[in-house]
Each structure stands twice: as C-alpha cells, then as structure tokens.
Protein chains: 2
Amino acid sequence: MASMNDVARRAGVSIATVSRVLNNSSSVNEETRLKILKAIKELKYQPSRVAKRLRSKGGPGNLLGVLIPDIQNPFYVDVLRGIEDIAYKNNYVIIVCNFSQDEKKEAMYLDILESEAIDGLIAAPASEDDVRVKKMVQNGLPVVCVDRGLNGIDVDVVWVNNDAGAFAAVDYLAKAGYKRIGHIAGLPTIPSSRLREAGYRRALAENNLPFDPQWLVYGNSTYKSGVELAEKLLSLPTPPDALFTGNNLITLGALETIHKRKLHIPNDVAIIGFDDMNWSNSLNPPLTAVRQPAYEIGQRAGELLIQRIRDPKRAPIQMTLNSELMVRGSC
Amino acid sequence: MASMNDVARRAGVSIATVSRVLNNSSSVNEETRLKILKAIKELKYQPSRVAKRLRSKGGPGNLLGVLIPDIQNPFYVDVLRGIEDIAYKNNYVIIVCNFSQDEKKEAMYLDILESEAIDGLIAAPASEDDVRVKKMVQNGLPVVCVDRGLNGIDVDVVWVNNDAGAFAAVDYLAKAGYKRIGHIAGLPTIPSSRLREAGYRRALAENNLPFDPQWLVYGNSTYKSGVELAEKLLSLPTPPDALFTGNNLITLGALETIHKRKLHIPNDVAIIGFDDMNWSNSLNPPLTAVRQPAYEIGQRAGELLIQRIRDPKRAPIQMTLNSELMVRGSC
DNA sequence: CTGAAAGCGCTAACAG
DNA sequence: CTGTTAGCGCTTTCAG
C-alpha cells in the first residue's frame with residue numbers, strides 16, 4: 001500500500017501538496033497537480049481511511065454504525081439495505097452490529113463503535129430507555145433511531161405509525177366478520193409492540209368486539225414464540241377465529257403451527273401480519289399484512305444521519321412513514 | 001473520550017506503562033498496575049481501535065470485512081450470523097459489504113476495505129475469476145471464500161457439496177415418479193450454479209430420464225427470475241411435473257407463480273428447492289429442500305479466517321460441508 | 001520495572 | 001502556490 005509519502009517523493013513535492021490536490025483544499029499549480037495525479041495513478045495510491053479518521057476527529061471518517069436487534073428479521077434486513085444504499089452513495093461504509101436482542105452484546109458493540117470513532121449511528125435501541133444509546137447522543141454523536149424512539153430525549157426518529165397500522169389490520173378483520181380476534185404480541189418493553197397492541201385494542205373497541213385477555217399473548221418476537229403462542233391460542237377451548245401477529249417472525253411461526261394442525265386459512269383461522277415480506281405471495285394463501293416501507297425507512301434514516309453529521313445542531317425530526325394494509329388471501 | 005495520555009497523567013506514569021498494562025506486554029510493578037487500572041476506571045478509558053490499527057499495521061486491528069453478493073438472500077444472512085458470532089467472540093467487528101451482484105459496487109467496496117486496513121476478508125466473490133478478490137489474497141491479505149472458490153489460486157474455502165446436494169434432490173424426485181423435472185438455475189458464471197446444474201443432469205441420466213433443454217432455464221438468482229422462469233416453464237406445451245429451483249429466492253418466486261396459477265403442490269407440480277429456509281414449515285405445503293448449513297458455513301469461515309490471521313502461512317483448506325435433503329410436503 | 005522517543009498516514013495551521 | 005511542522009492515540013524499541 002503506497003502512502004502519501006511515496007506519492008510525494010515520486011512527484012517531487014511535499015506531502016502537504018499531495019493532500020491539497022486530494023482534497024481540493026487550496027489551489028495548486030496545474031502542472032504540479034498533474035504530476036501528482038500521475039504519481040497517484042502509477043502507485044495506485046489509495047488514501048488510508050484509518051489515518052484520516054484518527055487525524056480529523058469529528059471530521060469525515062466515512063464510517064457509520066448500525067445497531068439492530070435481530071438480523072434474522074427480514075424487516076431489519078430491508079432497513080439495512082436502505083441505509084446501505086444511501087451510505088454507499090455518500091462514500092460511507094457501515095459497521096453492522098446485530099445484538100440479537102441481547103443487551104450485553106449491545107453494550108459491547110456500542111463500546112466498540114465508540115472506539116472505532118464512527119461518524120454517526122443508526123440504531124433500533126433495545127428499549128426506549130436504552131441508557132447506552134442515550135449516552136451516545138448526549139455525548140454529541142449524531143444518532144438517528146429507527147423503529148423505536150428514545151424516552152425523554154430529542155433524537156431523529158424514523159418509524160411508522162404502528163398504532164394506525166395495527167388498527168387498520170384488526171379493523172379489517174372485524175369488518176370482515178371475525179369475532180374472536182387474537183393477538184400475538186412482542187415484548188411490551190418494545191415501544192412498537194405496545195403501540196401495535198394499542199391499535200389492536202382500539203379496533204376491537206370501535207367495532208364493539210369484546211376484549212378477551214386470554215386471546216392476547218406476549219412473546220419475544222421470534223419465530224419460536226410465534227409457533228408456541230399460536231399453539232397456545234389455538235388450543236384454547238374457544239380459540240380465536242383470526243390472528244393478528246405482531247411481527248414477521250411471529251407470523252411465520254404461527255403459520256407453521258396452523259399448517260401443522262391442518263387448519264385451513266382463512267376458513268378455520270384467518271391471519272394478518274404486521275410486517276409484510278417481499279415474498280408474501282409465495283405463501284399459500286398469500287398473506288394479508290401491514291406493510292412497513294422498510295427499505296424506505298432505512299433510506300430516510302441514512303439521509304437524516306448524513307444531514308445531521310453535516311449540521312449537528314439541526315433540530316431533531318420525527319419522521320412517521322405510512323404503513324399500508326396489503327390485502328391478500330389470508331383473511 | 002479519554003486518551004491514554006489522560007490515563008498516564010492521572011496515574012502519574014508514562015503512556016508506555018499504561019500501554020503495557022493494557023496489553024500485558026511486559027511485567028509492571030503491581031502497585032503501579034493498580035494505580036493505572038484505577039485511573040482507567042475513573043476516566044472510563046477506552047482504547048482507540050483506530051489508533052491501534054494505524055500504528056500496528058498487520059497487527060490486530062480487530063476489523064474484518066465481509067463481502068456478499070446479496071443480502072436479500074436468507075442464505076447469506078445466516079452465513080453472516082455465523083461469521084458475526086465468531087467475530088464477536090474474538091473481539092472482532094465486521095464491515096458488511098453487500099454488492100448486490102454489481103461488480104462495480106464490489107470493486108468500490110474492496111477499495112474501501114483495503115483503505116480501512118482490515119485484518120482479513122470473508123468473501124463470496126462475484127465469480128471464480130474475480131480479479132479483485134484474487135489480488136487481495138495475492139497481496140497477502142488473509143482471505144477465506146464462502147460458497148464460491150477462486151480459480152487458479154489457493155485459498156481457504158468453505159462450501160457445500162453442491163453437486164451432491166442437487167443430485168440428491170433430483171434423484172429423490174425421479175424415484176418419487178416424476179418424469180419431467182425442470183430446473184431453474186442461476187447464472188452459469190457462478191460456480192455453485194454450474195455444480196447444481198451438473199448434479200441435476202447427472203441425476204436425470206442415472207435415472208434414465210431424458211434431458212430436455214427446454215426444461216432447463218437460467219436467471220440471475222433473484223426472486224423475480226424465479227417468478228418469470230417458473231411462468232415460462234409452466235407455460236410450455238408439455239410443462240415439467242416437478243421443479244428443482246436453484247436457490248432460495250428462485251424458490252420463493254416460483255412459489256408465487258405456482259400459487260397464482262392455482263396449481264396444487266405436489267399434484268399439479270412438485271417443487272424442491274436448493275437452500276432450505278428457517279421457515280420452510282411455514283409454507284403450504286412445507287417445502288422439501290436441500291439444506292446448506294449456512295450458519296455453520298459462516299462459523300467455519302470465521303474460524304478459518306482468524307486462524308489464518310494468526311498464522312498467515314498455514315496451508316489453505318477447502319472445507320466441504322454436507323448438505324442434507326429435508327423431505328417435507330412439496331413433492 | 002519504567003520512561004523517552006520514533007513513527008503509523010494523514011490534515012491543518014503557519015511560514016515563506 | 002508550496003513546504004515545514006505539530007499532532008491525532010497508540011505500540012515498540014532503546015535506554016536507563
């Protein structure tokens with residue numbers, strides 16, 4: 001790896017001049033500029049991002065951190081793609097930190113990101129009281145949250161109207177004539193889970209459907225929780241005739257249980273999921289679902305972050321994107 | 001962010017000594033060691049990984065690059081999780097570079113990784129003639145390939161026996177009585193695609209089934225290609241009675257087409273996929289598929305890479321893991 | 001056992 | 001327009 005020194009020597013100039021042509025920071029004699037460019041090409045010189053980052057603390061190190069709770073969830077993968085596309089276009093690279101819903105792992109990753117001198121962070125915090133992420137924004141690191149906000153702190157957030165999305169889903173179920181609508185929810189510590197549950201309850205109420213506590217069950221938003229909680233609901237003496245599942249993985253798990261029990265969708269039990277998937281049409285019947293624009297969430301978050309890096313004192317923005325009910329065949 | 005200097009000053013020692021206790025590099029008086037540890041705690045000192053990386057070129061910067069062709073493919077997500085778990089355990093962080101099958105993007109990422117002074121790279125190269133990845137291993141960077149090897153170069157590779165896996169799948173179909181077995185393949189530029197096709201042809205031959213070129217179609221391994229090529233096959237005057245799909249995304253796409261045409265699986269058309277999914281049981285009927293141990297592939301690759309970083313001249317290993325036919329209900 | 005000092009590759013004053 | 005120099009935070013001789 002050629003260094004700036006090598007280039008300078010080869011071009012017969014000082015490293016400062018090389019740095020100047022590299023950054024267009026001040027005008028350089030055209031002739032020497034050409035000489036330097038030539039040397040750069042000949043040596044295949046590539047500036048070291050590490051040295052740059054070390055040197056210009058707070059400057060553009062072109063490194064972003066992304067902190068997500070579960071990379072197995074296709075929703076986050078799509079968010080990631082959105083972030084990545086924006087990052088790529090702006091010459092940023094991202095360090096992906098998947099903490100698998102493990103707060104210890106999250107803490108460790110956050111330490112590392114700090115120590116890597118990232119320019120900014122996009123995070124879906126473990127909870128809205130996440131002390132570690134809070135501290136990072138208090139320390140002045142540009143942060144934007146996705147999917148989940150942070151209590152008592154003003155940060156950029158990009159999310160979806162979870163309450164309204166859930167309401168739309170359950171309302172649709174109610175209007176379609178389902179009377180016993182169950183909900184497999186995620187942990188109430190996660191804001192979006194609570195919001196979705198709220199939408200569920202609200203839709204029940206507005207449609208004069210009774211809320212039966214035995215039809216509302218909580219899990220940790222994994223595939224396994226979907227399998228088991230669907231099992232539990234469907235084993236009830238009076239099981240739900242429709243299921244509203246709180247996220248992607250739960251939906252998939254519930255589907256496994258339904259098929260295993262040889263239940264027909266939607267005749268025996270209907271299902272509607274929060275979170276659409278790119279391949280919802282590959283399911284049989286095709287899944288009706290609340291679609292979050294995951295890729296777009298990622299993009300917006302990426303844009304906001306880069307903005308904030310450039311202008312750290314811009315007022316925080318909460319960007320609420322619209323969810324959309326994708327009606328297909330499962331209810 | 002406190003620096004080593006701050007710690008040294010607070011403890012009343014030199015930075016060299018601080019560095020020593022941090023790295024256990026040589027013995028330090030127990031008393032001063034304690035003093036330093038105390039100062040570290042008080043200042044919440046965290047070593048800068050950036051500075052460390054800059055300083056000790058070739059030393060442990062604790063940064064790995066991962067280059068994958070398509071993060072939308074669940075297979076790579078699982079590989080990623082495997083890598084990440086191993087990396088995490090060894091105090092490494094990974095930079096994920098998803099090049100979306102775009103060679104220009106791949107080149108750009110490789111430049112960046114080089115410039116980030118990564119300690120090693122795990123890559124699923126665009127092709128087995130991938131010049132850029134080849135160059136990186138020739139330059140002495142520790143590299144391990146997953147899923148795909150590199151022509152004419154000795155590198156660590158972790159993959160699966162693609163030929164045998166495909167053979168098992170198609171052989172199963174043949175033994176089950178299907179006579180017109182079609183194959184939706186990936187691009188032949190990708191080694192694993194060729195190998196899977198070879199297995200397909202071999203199984204046909206060994207079962208005395210005719211090979212009909214119209215039943216073998218190629219696409220770029222995306223969901224869309226699955227949708228369209230399945231459409232094409234099923235529109236044939238004599239369509240296949242079974243489909244062997246070349247990867248995850250193709251399978252999902254083909255499923256969409258099958259359902260859209262209201263075809264019954266397996267009566268109207270059977271399907272068997274290469275690449276299993278964690279939620280194959282959520283499909284209706286559950287999908288029969290060739291399972292690659294994706295997570296394990298990632299783990300092994302991670303381990304091999306860390307080994308190689310520690311011992312750069314260890315002889316390259318080609319690790320072939322076994323695929324497994326998961327028989328479920330789709331054929 | 002400990003400190004001084006060089007240097008990794010780069011940027012940003014400061015001179016000239 | 002260009003060169004010199006200090007220093008980002010750290011590791012690593014080399015002395016002592």
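First the proteins, then the strands, lettered A, B, ... as listed; each starts at 1.
- With distances taken from any side-chain atom of Val13(B) to the nucleotides dT2(D), dG3(C), dC8(C), the minimum falls on dG3(C).
- Rounded to whole angstrom, the span from the CZ atom of Arg9(B) across to the P atom of dC10(D) amounts to 13 Å.
- Rounded to an integer number of Å, the gap from Asn29(B) CG to dG3(C) C1' is 15 Å.
- The residue Ser25(B) sits apart from the nucleic acid: no heavy atom pair falls under 4.0 Å.
- A side-chain donor-acceptor contact under 3.5 Å links Asn220(B) and Thr222(B).
- Proximity note for Ser14(B) (side chain, C-beta onward) versus dA4(C), dC10(C), dG9(D): the nearest is dA4(C).
- With dT2(D), dG9(D), dG9(C) as the candidates, the nucleotide lying closest to the side chain of Thr32(A) is dT2(D).
- Between the side chains of Tyr76(B) and Asn98(B), no donor N or O sits under 3.5 Å from an acceptor N or O.
- When the nucleotides dT11(C), dT2(C), dT12(D) are ranked by their closest atom to the side chain of Arg55(B), dT12(D) comes out on top.
- The heavy-atom pair separating Ala8(B) from Ser14(B) by the smallest distance is CB-C, 3.8 Å.
- Applying the ring-ring contact (aromatic ring centres under 6.0 Å, His included) criterion to Tyr295(B), with sequence neighbours excluded, gives no partner residue.
- Using a 4.0 Å heavy-atom distance criterion, Leu22(A) is classed as making no nucleic acid contact.
- Remark: Thr17(B) is in phosphate contact with dG3(C), judged by side-chain N or O atoms under 4.0 Å from OP1 or OP2.
- Atom CD of Gln46(B) and atom C1' of dG9(D) are 14 Å apart (whole Å).
- Of the candidate nucleotides dC10(C), dT2(C), dT11(D), dT11(D) has the atom nearest to the side chain of Lys52(B).
- The residue Ser19(B) sits close to a base: some heavy atom pair falls under 4.0 Å.
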Interface polar pairs with nucleotides 13-15 of chain C, N/O, under 3.5 angstrom:
none

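- Rounded to a whole Å, the CZ atom of Arg49(A) is 22 Å from the P atom of dC8(C).
- Direction change of the helix axis from one end of the helix from dC1(C)-dG16(D) to dG16(C)-dC1(D) to the other is 50°, with five pairs defining each end axis (rounded to 10°).
- For the residue pair Ser192(A) and Trp159(A), no side-chain donor N or O sits within less than 3.5 Å of a side-chain acceptor on the partner.
- The interatomic distance linking Leu54(B) (CG) with dA6(C) (P) rounds to 17 Å, in whole Å.
- The side chain of Ser3(A) sits closest to dC10(C) out of dC1(C), dT11(D), dC10(C).
- Listed pair Asn5(A) / dC10(C) fails the phosphate criterion, with no side-chain N or O lying under 4.0 Å from OP1 or OP2.
- Val50(B) comes within 4.0 angstrom of nothing in the nucleic acid, heavy atoms only.
- In the model, Ser115(B) has no side-chain atom that pairs as donor or acceptor with a side-chain atom of Asp111(B) under 3.5 Å.
- The distance between atom CD1 of Ile40(B) and atom P of dG9(D), rounded to the nearest whole Å, is 16 Å.
- Put simply, CD1 on Ile15(A) is 11 Å from P on dC8(C), counting in whole angstrom units.
- Computed from coordinates, the Glu116(B) CD to dG9(C) P distance equals 15 Å when rounded to whole Å.
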Full working for side-chain contact (heavy atoms from CB on, under 4.5 Å) between Asp147(B) and Phe75(B): CA-CA 10 Å; Asp147(B) 191 44; Phe75(B) 168 71; 4.0 Å; yes
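- In this structure, CD1 on Ile68(A) lies 11.0 Å from CD1 on Ile122(A), to the nearest 0.5 angstrom.
- For CD of Glu31(B), the number of neighbouring non-hydrogen atoms (other residues, nucleotides, ligands) closer than 6.0 Å is 12 at most.
- If you check the side chains of Ser127(A) and Asp129(A), you find no donor sitting under 3.5 Å from an acceptor.
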